[in-house]
Protein chains: 2
Amino acid sequence: MSAELLKKHKIRVTPFRIKVLSVFKKTHSALSLSDLESGIGEFDRVTLYRTIKTFLDKGIIHEILMPGDIKKMALCQDGCNTHLHDHKHLHFHCDSCQETFCIDLPAYPEIVLDGFDIKQIEIQAQGVCKNCG
Amino acid sequence: MSAELLKKHKIRVTPFRIKVLSVFKKTHSALSLSDLESGIGEFDRVTLYRTIKTFLDKGIIHEILMPGDIKKMALCQDGCNTHLHDHKHLHFHCDSCQETFCIDLPAYPEIVLDGFDIKQIEIQAQGVCKNCG
DNA sequence: TCATATTTGCAATTTTGTTGCATTTGTTTA
DNA sequence: TAAACAAATGCAACAAAATTGCAAATATGA
Ligand SMILES: [Mn+2]
Ligand SMILES: [Mn+2]
Ligand SMILES: [Zn+2]
Ligand SMILES: [Zn+2]
């Protein structure tokens, strides 16, 4: 339940935040800013920007940036918070339907680079998704 | 030489384009828009936007999008063009110096996802770079 | 129910990106 | 090497996106 999620992250439960979360929960794919805007209905843009910022800070949502200037957002799984914001999953963007999905991998690739201390790896894939293929 | 690069991609050799390329060639890391702006000196913003668009279209530069809304650009290696814009290298962002590097990997990871037709994979890594570590 | 910090909504402003158009410039051809 | 012409530039106007300050509203704990 959305109110619980907000409480868990120690921020206040407000109608606007609940509304934004409901838009996220309604879909299986990641949302662009304009997806969100049209999902919300009437809204004040400043409040939306601030809500997104808060959700990102608190580890409630994460950003997905893909080649082609595609920028989306998706709910984090349990466990993310202000300090820990790590996702061991892949982001797939479908060139056909333009949807972006978070996909868990059976095995997350390990990469070692001499001299570099790799703290986190993100994988972005493009192609044709299950639904479109 | 920069003029050759432009000719290879069938676009005209102009002072502005040469200047922009020289900024890219001066550094080993990827550049943000404002890096470019300060590197160029005086410039017209419209021309810069159009130059960037042309360079992206032609496969002269590529965009790098990293978690945290980080957006940079870097020169492509030989072989990219309007139709083929694929890079088998990793993008590493250093949390300490904030620089972003294109790094060739000895072996590029293969990923298979049931039902998905993966055409391209991008890997972004974060941590501490060789210089800072 | 009250006190208070948080959140919201609005106006004003700034920053970023786009469009149209006249002028200039690079390249090709004769 | 001059002329022809398409491509590129620079400027002004515009449009869209994002930020800031502040007063009013509201969620929460006491
Ligand atoms: Mn994700
Ligand atoms: Mn690169
Ligand atoms: Zn699809
Ligand atoms: Zn570094």
Side-chain angles (χ1 to χ4, degrees), chain A residues 1-24 30-73 81-82, chain B residues 1-24 30-73 81-82:
Chain A
M1 192 228 204
S2 294
E4 300 311 313
L5 180 59
L6 295 171
K7 280 177 191 158
K8 199 180 90 184
H9 291 278
K10 305 239 168 41
I11 58 174
R12 292 190 177 176
V13 178
T14 69
F16 191 84
R17 288 173 176 166
I18 295 287
K19 179 73 200 171
V20 171
L21 287 179
S22 81
V23 178
F24 276 108
L31 300 172
S32 68
L33 181 61
S34 58
D35 291 338
L36 255 188
E37 290 181 345
S38 43
I40 295 173
E42 18 119 9
F43 69 101
D44 174 69
R45 189 189 295 263
V46 179
T47 308
L48 180 55
Y49 286 139
R50 287 195 274 225
T51 301
I52 289 171
K53 186 172 190 308
T54 303
F55 284 8
L56 288 169
D57 286 350
K58 299 292 177 179
I60 294 173
I61 62 175
H62 62 284
E63 278 183 331
I64 303 168
L65 295 147
M66 303 281 287
D69 251 311
I70 295 160
K71 185 174 161 182
K72 306 226 176 179
M73 292 162 277
N81 57 56
T82 310
Chain B
M1 190 224 204
S2 295
E4 298 312 314
L5 180 59
L6 294 171
K7 280 177 191 157
K8 199 180 89 185
H9 290 278
K10 304 237 170 38
I11 58 173
R12 293 190 174 173
V13 179
T14 69
F16 191 84
R17 287 172 176 168
I18 295 288
K19 180 72 200 171
V20 170
L21 286 179
S22 81
V23 178
F24 276 109
L31 300 172
S32 67
L33 181 60
S34 58
D35 291 338
L36 256 187
E37 289 181 346
S38 43
I40 295 172
E42 18 122 6
F43 69 101
D44 174 67
R45 193 197 316 229
V46 179
T47 307
L48 180 55
Y49 284 137
R50 288 195 274 224
T51 301
I52 289 171
K53 187 173 187 310
T54 302
F55 284 8
L56 288 170
D57 285 351
K58 298 293 177 180
I60 295 173
I61 61 174
H62 62 283
E63 278 184 332
I64 303 168
L65 296 146
M66 304 278 292
D69 247 311
I70 294 160
K71 185 175 161 183
K72 306 225 176 179
M73 293 162 277
N81 57 56
T82 309

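Naming: A, B, ... by sequence-line order, numbering from 1 per chain.
Note: NZ (A/Lys10) to P (C/dT7) measures 14 Å, nearest angstrom. Separating the CD1 atom of A/Ile40 from the P atom of C/dT8 is a distance of 11 Å, rounded to the nearest angstrom. D/dT26 atom P lies 18 Å from atom CG of A/Leu6, rounded to whole Å. For the pair A/Leu33 CG and C/dG17 C1', the computed distance is 16 Å after rounding to whole Å. Straight-line distance from the CZ atom of B/Phe55 to the C1' atom of D/dT9: 14 Å, rounded to whole Å. Nucleotide D/dA8 holds its P atom 11 Å from the CG atom of B/Asp57, rounded to whole Å. When the C1' atom of D/dA18 is taken as reference, atom CG of B/Asp69 falls 12 Å away, rounded to whole Å. Across the protein-nucleic acid pair, A/Leu48 atom CG and C/dC10 atom P stand 14 Å apart, rounded to whole Å.
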Do nucleotides 19-30 of chain C as a string where each nucleotide becomes B, S or -: B if the base has a protein heavy atom under 4.0 Å, S if just the sugar-phosphate does, - if no protein is that close.
BB-----BS---
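Looking at B/Arg45 and B/Glu37, no side-chain N of the basic residue comes within less than 4.0 Å of a carboxylate O on the acidic one, giving no salt bridge.
Taking only side-chain atoms of A/Arg45, from C-beta outward, the nucleotide of C/dT8, D/dA17, D/dT9 with the closest atom is D/dA17. In this structure, of D/dA17, C/dG17, C/dG9, it is C/dG9 that holds the atom nearest to the side chain of A/Phe16.
Rounded to the nearest 0.5 Å, atoms CD1 (A/Ile11) and CD1 (A/Ile60) are 4.0 Å apart. Taking CG of B/Leu65 as the start and CD1 of A/Ile70 as the end, the distance is 9.0 Å to the nearest 0.5 Å. Here the NZ-NZ distance, from A/Lys71 to B/Lys71, works out to 9.5 Å after rounding to the nearest 0.5 Å. Between atom NZ of residue A/Lys58 and atom NZ of residue A/Lys53 there is a gap of 10.0 Å, rounded to the nearest 0.5 Å.
With no hydrogens or angles considered, a side-chain donor-acceptor pair links A/Ser32 and A/Asp35 at under 3.5 Å.
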